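The structure appears below as structure tokens.
In what follows, chains carry the letters A, B, and so on, assigned in the order in which the sequence lines appear, proteins first and then strands, with residues in each chain numbered from 1. Source: prediction; values computed, not measured.
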2 protein chains.
Amino acid sequence: MLDKAVSILDVYRPDGGSFRLTELAARAGLPKTTAFRLIGDLVRLGLLERDGERYRLGGTLFELGSLVPRRHDLRESALPFLQDLFESTRQTVHFGIRDDRDVVYLERIHGHDAVPLPSRIGGRLPLTCTAIGKALLAFSGPELADAILAGPLPRLTAYSIADPLRLRTALEQTQVSGLAYEEQEAALGISCIAAPVFAGAGEPVAALSVAVPREHFRPAHLAPAVRTAALGLSRTLRQG
Amino acid sequence: MLDKAVSILDVYRPDGGSFRLTELAARAGLPKTTAFRLIGDLVRLGLLERDGERYRLGGTLFELGSLVPRRHDLRESALPFLQDLFESTRQTVHFGIRDDRDVVYLERIHGHDAVPLPSRIGGRLPLTCTAIGKALLAFSGPELADAILAGPLPRLTAYSIADPLRLRTALEQTQVSGLAYEEQEAALGISCIAAPVFAGAGEPVAALSVAVPREHFRPAHLAPAVRTAALGLSRTLRQG
DNA sequence: AAAGTTCGTTCCGTGCACCGGAACACCTCG
DNA sequence: CGAGGTGTTCCGGTGCACGGAACGAACTTT
């Protein structure tokens with residue numbers, strides 16, 4: 001039964017939105033009556049809510065989701081540094097962690113006139129298509145990179161790296177410089193620079209980045225700010 | 001069964017954390033075996049995760065919670081204005097909505113050396129004890145204020161307003177000035193100024209605030225910035 | 001206007017998944 | 001060592017989750 005309830009909730013991933021009963025049932029692969037029954041329970045429990053004739057995710061999910069430790073704890077420590085980075089660059093700042101082969105975004109800060117990006121708090125993008133992902137990947141154990149490089153690489157744009165050799169080279173450059181770059185690999189017209197965040201010896205626990213319209217991309221200006229934020233945060237995390 | 005699963009998840013509200021099986025079962029009021037079974041399912045589905053011998057809320061909740069429309073949509077619109085407000089004040093900025101008799105915080109922005117506050121993204125505090133809450137309450141229909149004033153008022157500190165007359169006066173002052181204040185009513189040593197955010201005619205859809213250590217509270221300096229942010233955001237929301 | 005289609009909701013028989021006590025193995029502490 | 005606590009497994013009983021059928025309402029098509 002739990003599986004069925006979650007299959008209903010999963011209809012809303014990754015795009016959110018709202019659905020009517022029949023569509024929700026179809027997308028969840030459940031008989032209409034079963035879906036109707038479960039939806040009623042989910043609404044009662046606050047995990048879904050009614051919006052006219054439609055259903056959308058409910059406030060209780062938001063409240064529970066906000067308590068998830070890996071989001072809450074890391075975000076609290078990172079926020080001042082992300083704010084610094086946003087202020088010194090005025091560009092969209094991201095903060096994310098690795099989950100399997102994806103980046104999961106824990107925070108995203110932008111101002112007015114922010115460029116449209118596919119990233120979203122709570123959303124996922126492939127490690128290999130994003131600067132944050134590459135920063136995480138470059139400093140993770142070699143087994144992960146090997147495993148990812150052994151299969152086909154996911155693509156979000158025509159510029160996404162599809163050649164394993166090219167990706168390996170990029171990762172090695174990141175290992176040397178401590179910075180990872182993204183060139184229209186996740187979103188057309190967008191460049192990005194990222195640095196890993198460490199909590200101690202070993203793999204990075206997170207990474208942060210700045211995303212910029214390509215024609216305004218100035219690594220020389222951005223790199224020090226990105227490094228400073230990542231180092232500052234790493235130091236804070238090490239001190240517990 | 002869903003009820004039981006949610007009773008397990010609700011153990012984590014409002015404080016988060018992690019628990020062992022037996023404690024989780026006791027707090028959820030379930031027999032140990034039932035809890036064990038459900039926890040196994042919740043872990044499999046990503047709603048809980050194991051942390052050694054302990055269980056904590058899982059990443060799937062964070063991902064689903066991030067898609068909740070009333071959080072995601074409002075926060076996206078509000079963020080640039082909240083950033084402006086943070087930059088012009090350098091103090092902790094809050095953004096919240098009303099749910100029944102509580103404020104639910106949708107965003108909280110702070111820098112280094114932020115003052116400790118009881119607020120938290122996804123957390124709740126009584127309307128009557130917070131500036132945001134009073135801003136929301138003052139511009140909601142009179143039935144709500146009447147209903148709240150008819151019962152005992154919740155208190156978070158010794159300074160929280162317990163006298164219905166005093167609260168009614170404060171609400172009327174907010175209706176006149178468009179600003180609501182908080183004087184150690186939610187947290188000792190903390191003052192706060194808030195303004196409502198409207199999306200059209202009618203009740204406010206949200207409110208935003210700045211929280212300051214009491215000895216640094218300068219309403220004359222803060223009020224214009226708070227007003228500007230709230231007005232700017234209201235305008236944006238009205239334009240869709 | 002009538003017929004057909006789709007929707008959300010209710011009804012209800014039944015099969016099996018949920019339930020949870022008992023048992024077990026392991027660990028910790030006095 | 002024994003007592004108490006923990007997490008895990010086992011398994012029989014039964015309550016209820018399940019979902020097809022039916023229904024009424026709304027919408028669309030002829």
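Ion pairing between A:Lys4 and A:Asp10 fails under the 4.0 Å rule for side-chain N and carboxylate O. Ion pair B:Arg44/B:Asp41 flagged as a salt bridge, since at least one NZ, NE, NH1 or NH2 atom sits closer than 4.0 Å to an Asp/Glu carboxylate oxygen. Contact check on A:Glu76 versus B:Arg120 returns no salt bridge, with no Lys/Arg side-chain nitrogen under 4.0 Å from an Asp/Glu carboxylate oxygen.
Checking the phosphate oxygens (OP1, OP2) of C:dC7, no side-chain nitrogen or oxygen of A:Arg20 falls inside 4.0 Å. Close to D:dG7, at under 4.0 Å from its OP1 or OP2, lies a side-chain N or O of B:Thr22. B:Lys4 has a side-chain polar atom (N or O) that falls below the 4.0 Å cut-off from OP1 or OP2 of C:dC19. Under 4.0 angstrom from either OP1 or OP2 of C:dC19 there lies no side-chain N or O belonging to B:Thr34.
Between B:Leu30 and A:Glu23, the one whose closest nucleotide on DNA chain C sits nearer the 5' end is A:Glu23. Sequence order on DNA chain C of the closest nucleotides to A:Leu21 and A:Met1 puts A:Leu21 first from the 5' end.
A:Leu57 approaches B:Leu64 most closely through the heavy-atom pair CD1-O, 3.4 Å.
Residue B:Asp3 contributes atom CG, which lies 13 Å from atom C1' of D:dC16 at whole-angstrom precision. When rounded to the nearest whole Å, the span between CG of A:Leu24 and P of C:dC7 equals 13 Å.
A donor N or O paired with an acceptor N or O is not found under 3.5 Å between the base of D:dG19 and the side-chain atoms of A:Lys32.
Taking the six-membered ring for Trp, B:Phe62 and A:His72 have ring centres at least 6.0 Å apart.
Contacts between residues 35-61 of chain A and DNA chain D, counted as heavy-atom distances below 4.0 Å, involve A:Arg37.
Screening A:Arg54, A:Arg56, A:Arg50 for a side-chain hydrogen bond (donor to acceptor under 3.5 Å, both in side chains) involving A:Ser18 leaves a single residue, A:Arg54.
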